[in-house]
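First comes the structure, then the notes that go with it.
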Amino acid sequence: MNSSFNNDDNTALMPSPAALPASEASLKRTDEIIRLLQVNTMPYRRMIRYYRCAIMEIETKFRVLDEEQSLNFDYNPIETIKTRIKSPESIYRKIRKKGLPISIENVENSISDIAGVRVICSFVDDIYRLADSFLKQDDITLIAVKDYIQNPKPSGYRSLHLIVSVPIFLQNEKRNMKVEVQLRTIAMDFWASLEHKIRYKKNLPEEETALLAADLFVCAEQSAALDLKMQDVKNRLQAILGTGGDG
């Protein structure tokens with residue numbers, strides 16, 4: 001697997017005990033989360049391994065699609081693939097936010113993005129072409145789609161999100177596992193990565209936070225404009241060479 005990517009919800013878990021130094025309080029919170037989720041037990045470890053298997057299935061499917069494009073059209077639409085499993089802290093936050101008791105069953109049933117695969121593409125049309133080919137595969141079930149390319153978030157964030165179910169085949173059983181797939185261009189990923197690092201800087205004055213948000217939105221618009229321009233250049237080149245829309 002390639003490098004992991006950051007979760008989108010790195011906010012604090014709960015107020016720090018006033019009597020403890022920050023580092024000690026953090027350790028106490030982590031220990032409490034580990035205890036509540038029972039992350040050192042076999043059921044939790046088995047669940048995480050199942051999600052890792054699901055990630056491998058999804059990543060392989062995209063690598064096959066990329067290889068097919070390379071063989072047929074001498075063109076690779078995928079720049080890179082990143083994967084991640086949500087941390088116990090992030091899983092804990094999601095369960096608490098939903099108001100559910102801590103259990104493996106609730107984790108699996110109520111959280112759809114424990115396993116994540118991010119596919120970084122060269123151009124915007126590559127995103128939709130790959131997503132269409134991926135979703136046509138008969139062992140992939142689409143659960144939900146959020147198109148933040150056509151409908152960006154207020155921050156300017158752009159990406160195509162797919163929640164899918166994929167089967168993994170074990171020694172004595174088949175299990176359907178949920179995976180979140182994010183498809184972005186290089187420009188979208190560059191913006192989102194920097195925005196993530198800036199957004200979670202602590203103790204910024206409220207006025208500075210607002211100014212940064214405004215600047216980041218402008219950067220997102222400029223990044224989207226670059227994507228559109230590069231897509232136009234690619235389309236013109238294809239028209240000249242007579243290669244159509246296949247790379």
How about [X] and [Y]: do any of their side-chain heavy atoms sit closer than 4.5 Å?
| X | Y | value |
| --- | --- | --- |
| Met188 | Ile149 | yes |
| Leu170 | Ile168 | yes |
| Trp191 | Ser155 | yes |
| Tyr128 | Gln150 | yes |
| Val124 | Arg158 | no |
| Thr141 | Asn176 | no |
| Cys53 | Met56 | yes |
| Ile140 | Lys61 | yes |

Got a sec, which residues hit ring pair (Phe, Tyr, Trp, His ring centres under 6.0 Å) with Phe134, two or more places apart in sequence or on another chain? Phe62
From [atom1] ([X]) to [atom2] ([Y]), nearest 0.5 Å:
| X | Y | atom1 | atom2 | value |
| --- | --- | --- | --- | --- |
| His196 | Asp189 | NE2 | CG | 12.0 Å |
| Arg184 | Ile120 | CZ | CD1 | 6.0 Å |
| Phe123 | Ile186 | CZ | CD1 | 8.0 Å |
| Asn151 | Lys146 | CG | NZ | 12.5 Å |
| Asp227 | Ile127 | CG | CD1 | 7.5 Å |
| Ile55 | Glu180 | CD1 | CD | 11.0 Å |

Just distance, no hydrogens or angles: give the donor-acceptor pairs under 3.5 Å from side chains in residues 100-110, sequence neighbours left out.
unit_1 : atom_1 : unit_2 : atom_2 : d
Ser103 : OG     : Asn106 : N      : 3.0
Ser103 : OG     : Asn106 : ND2    : 3.3
Asn106 : ND2    : Pro101 : O      : 2.8
Glu108 : OE2    : Arg175 : NH2    : 3.1
Asn109 : ND2    : Glu105 : O      : 3.2
Ser110 : OG     : Asn106 : O      : 2.5

Cluster link Ile114 to Ile143, ILVMFWY, side chain under 4.5 Å: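 No: no chain of side-chain contacts under 4.5 Å links Ile114 to Ile143.
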Are Leu194 and Leu212 connected in the hydrophobic side-chain network, where two residues link if heavy atoms are under 4.5 Å apart? no
Residue pairs passing the side-chain hydrogen bond (donor to acceptor under 3.5 Å, both in side chains) test with at least one member in residues 41-50, sequence neighbours excluded, are none
What I want to find out is whether [X] reaches [Y] closely enough, with some N-O distance under 4.0 Å, to be called a salt bridge.
| X | Y | answer |
| --- | --- | --- |
| Glu59 | Lys82 | no |
| Arg63 | Asp66 | no |
| Asp125 | Lys234 | yes |

Taking side-chain hydrogen bond (donor to acceptor under 3.5 Å, both in side chains) as the criterion, tell me which of Lys94, Arg96, Glu89 meets it with Tyr92.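 Of the listed options, the one satisfying the test is Arg96.
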For Asp74, I'd like to know if atom CG has over 12 heavy atoms of other residues, nucleotides or ligands within 6.0 Å. no
Given Gln231 and Asn235, is the side-chain hydrogen bond (donor to acceptor under 3.5 Å, both in side chains) satisfied, shown in steps? CA-CA 6 Å; Gln231 182 71 61; Asn235 292 343; 3.1 Å; yes
